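A short worksheet on the structure shown next.
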Amino acid sequence: MEYKRVLSIQDVSCFGQCSQTVALPIISAMGVETAIIPSAVLSTHTYKFDGFTFKDLTDEIPAIAAHWKKKGVNFDGVYTGYIGNVKQFEMIEGIIDDCKANGGIIIIDPVMADNGIFYPLFDQKYADRNAEFCRKADVILPNITEACFLVGYEYKTEYDETYILGLLKKLATLGVKEIVLTGVTFEKGKLGVAVYDALKDEVKYYFGEHIDKSYHGTGDVYSATVVGGIMKGLSVYESAALAVDYTVRCIKATYNDDAHWYGVEFEKEIPYLVKRLYE
Ligand code: PXL
């Protein structure tokens with residue numbers, strides 16, 4: 001099923017290529033109308049930058065929501081990423097109740113952690129509320145660290161398929177239909193995702209080249225592409241696979257540009273992404 005209009009709720013990091021500043025161009029380029037709510041405005045992302053500014057926009061959210069409700073604005077999809085603080089979850093749950101069109105889809109990327117640790121500003125209390133929030137989702141897109149923190153599963157850097165399947169099944173107890181678990185690797189040189197269909201109890205994997213440099217914001221590039229794919233009517237698995245291929249290309253496009261250490265040059269590969277969509 002093809003959906004028309006998506007709402008992206010996450011912060012605006014004014015510089016640094018993550019969250020809204022990648023979601024908006026990527027999903028729009030995929031041909032999907034994209035509205036936004038900025039959960040906060042930061043001068044940069046909080047990773048590898050110090051001294052960043054942070055303007056919390058929590059107080060603005062109910063006013064935006066009330067205006068939209070009055071005007072009958074609705075969305076075929078709601079996608080959430082980095083959420084500035086715990087209070088916003090309840091507000092967003094209200095927006096989903098008021099503004100999700102019939103048959104609309106909720107996609108949650110529970111952005112809060114990576115490599116076994118929380119990002120600055122987040123803790124386990126935040127993760128517990130985020131897990132509650134994820135119960136609203138049709139599809140969630142956590143990395144392994146986020147998945148472990150959501151459901152209290154032991155975080156490991158070395159694991160096998162049994163470990164991944166155990167984690168997916170535990171995540172499925174949140175009541176979501178499909179899970180795209182990112183950052184999965186079983187073999188040197190290959191990195192990808194596990195896509196779990198909870199109704200069918202079926203897991204499928206998709207891997208791409210594991211490049212020996214990591215960049216901030218690739219999780220957001222990845223998730224935005226999955227959201228665009230689903231909105232265009234691809235299956236969750238097809239969207240997840242397309243997003244792996246695109247993200248790998250974005251990293252490669254940035255690899256030799258040493259001055260570009262803060263994010264990926266995703267713009268260069270947008271023609272590839274659009275071409276793949278219509279293949
Ligand atoms: O890419 C995730 C993200 C989004 N927004 C902000 C962040 C981060 C990760 O650190 O700091 C502000």
Side-chain angles (χ1 to χ4, degrees), residues 6-27 34 36-58 60-61 78-89 91-92 107-127 129-130 133-134 137 140-150 155 180-183 191 193 211 213-228 240 243-244 246-248 250-251 254 260-267:
V6 70
L7 168 62
S8 164
I9 308 178
Q10 46 192 323
D11 71 284
V12 173
S13 287
C14 297
F15 181 83
Q17 290 180 305
C18 70
S19 42
Q20 297 289 24
T21 68
V22 307
L24 193 48
I26 290 173
I27 303 172
T34 311
I36 64 163
I37 291 183
S39 59
V41 175
L42 296 86
S43 50
T44 63
H45 53 69
T46 65
Y47 191 77
K48 290 195 187 162
F49 283 103
D50 57 11
F52 53 85
T53 69
F54 187 105
K55 175 74 179 168
D56 186 303
L57 294 181
T58 307
E60 203 56 29
I61 296 176
V78 178
Y79 156 46
T80 68
Y82 185 102
I83 300 303
N85 70 50
V86 167
K87 274 190 283 173
Q88 294 185 355
F89 288 119
M91 295 175 181
I92 298 167
I107 304 167
I108 294 180
D109 180 358
V111 176
M112 59 183 169
D114 204 3
N115 301 312
I117 53 169
F118 282 107
Y119 294 138
L121 315 178
F122 297 136
D123 55 18
Q124 190 56 47
K125 208 168 145 217
Y126 179 94
R129 183 62 182 87
N130 209 345
F133 179 57
C134 284
I140 58 171
L141 314 170
N143 62 37
I144 293 178
T145 304
E146 289 158 348
C148 289
F149 291 173
L150 282 177
Y155 174 74
V180 179
L181 182 68
T182 60
L191 180 67
V193 296
I211 298 158
K213 250 190 187 179
S214 73
Y215 290 92
H216 184 74
T218 47
D220 300 339
V221 168
Y222 182 81
S223 294
T225 311
V226 175
V227 170
V244 167
Y246 175 58
T247 307
V248 168
C250 293
I251 296 171
T254 318
H260 204 108
W261 52 269
Y262 47 85
V264 286
E265 296 172 40
F266 70 91
E267 302 87 349

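Count residues from 1 along the sequence. Remember, it's a predicted structure, so these values are computed and weren't measured experimentally. Whatever order the structure lists ligands and atoms in, that order sets their numbers, starting from 1.
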Q: Kindly confirm or rule out an N or O of Tyr119 lying under 3.5 angstrom from an N or O of ligand 1.
A: no

Measuring from [X]:[atom1] to [Y]:[atom2], what's the distance to the nearest 0.5 Å?
X: Phe266; Y: Cys18; atom1: CZ; atom2: SG; result: 10.5 Å
X: Ile37; Y: Ser8; atom1: CD1; atom2: OG; result: 9.5 Å
X: Leu121; Y: Phe54; atom1: CG; atom2: CZ; result: 6.0 Å

Q) Centres of the Tyr119 and Tyr126 rings: under 6.0 Å? A) no

Q) With a 3.5 Å cut-off and no angle check, do the side chains of Glu265 and Thr254 form a donor-acceptor pair? A) no

**Q.** Location of contacts on Gln10 toward ligand 1, heavy atoms closer than 4.0 Å
**A.** neither

**Q.** Part of Asp220 with heavy atoms under 4.0 Å of ligand 1, whether side chain, backbone, both or neither
**A.** side chain

Can you list the ligand 1 atoms lying under 4.0 Å from a non-hydrogen atom of [X]?
X: Ser19; result: 4 (C), 5 (N)
X: Val111; result: 2 (C)
X: Thr46; result: 7 (C), 10 (O), 11 (O)
X: Leu42; result: 12 (C)
X: Ser13; result: 5 (N), 6 (C), 12 (C)

Q: Do me a favour and list the nearest non-hydrogen protein atom to atom 5 (N) of ligand 1 with residue, atom name and distance?
A: Asp11 OD1, 2.8 Å

**Q.** Shortest protein contact, atom 9 (C) of ligand 1 (heavy atom only)
**A.** His216 CE1, 3.1 Å

Q: Start with the C-alpha distance between Gln17 and Glu267, add both sets of side-chain angles, then the distance that settles side chain to side chain contact (heavy atoms under 4.5 Å, CB included), and finish with yes or no.
A: CA-CA 10 Å; Gln17 290 180 305; Glu267 302 87 349; 2.9 Å; yes

**Q.** Candidate pair Val111 and Gln10, rule side chain to side chain contact (heavy atoms under 4.5 Å, CB included), full reasoning
**A.** CA-CA 9 Å; Val111 176; Gln10 46 192 323; 5.6 Å; no

Q) Taking Tyr222 for the side chain and Ala240 for the main chain, is one N or O donor matched with an acceptor at less than 3.5 Å? A) yes

Q: Would you mind finding which of Phe118, Phe122, Tyr82, Phe49 brings a heavy atom closest to atom 4 (C) of ligand 1?
A: Tyr82

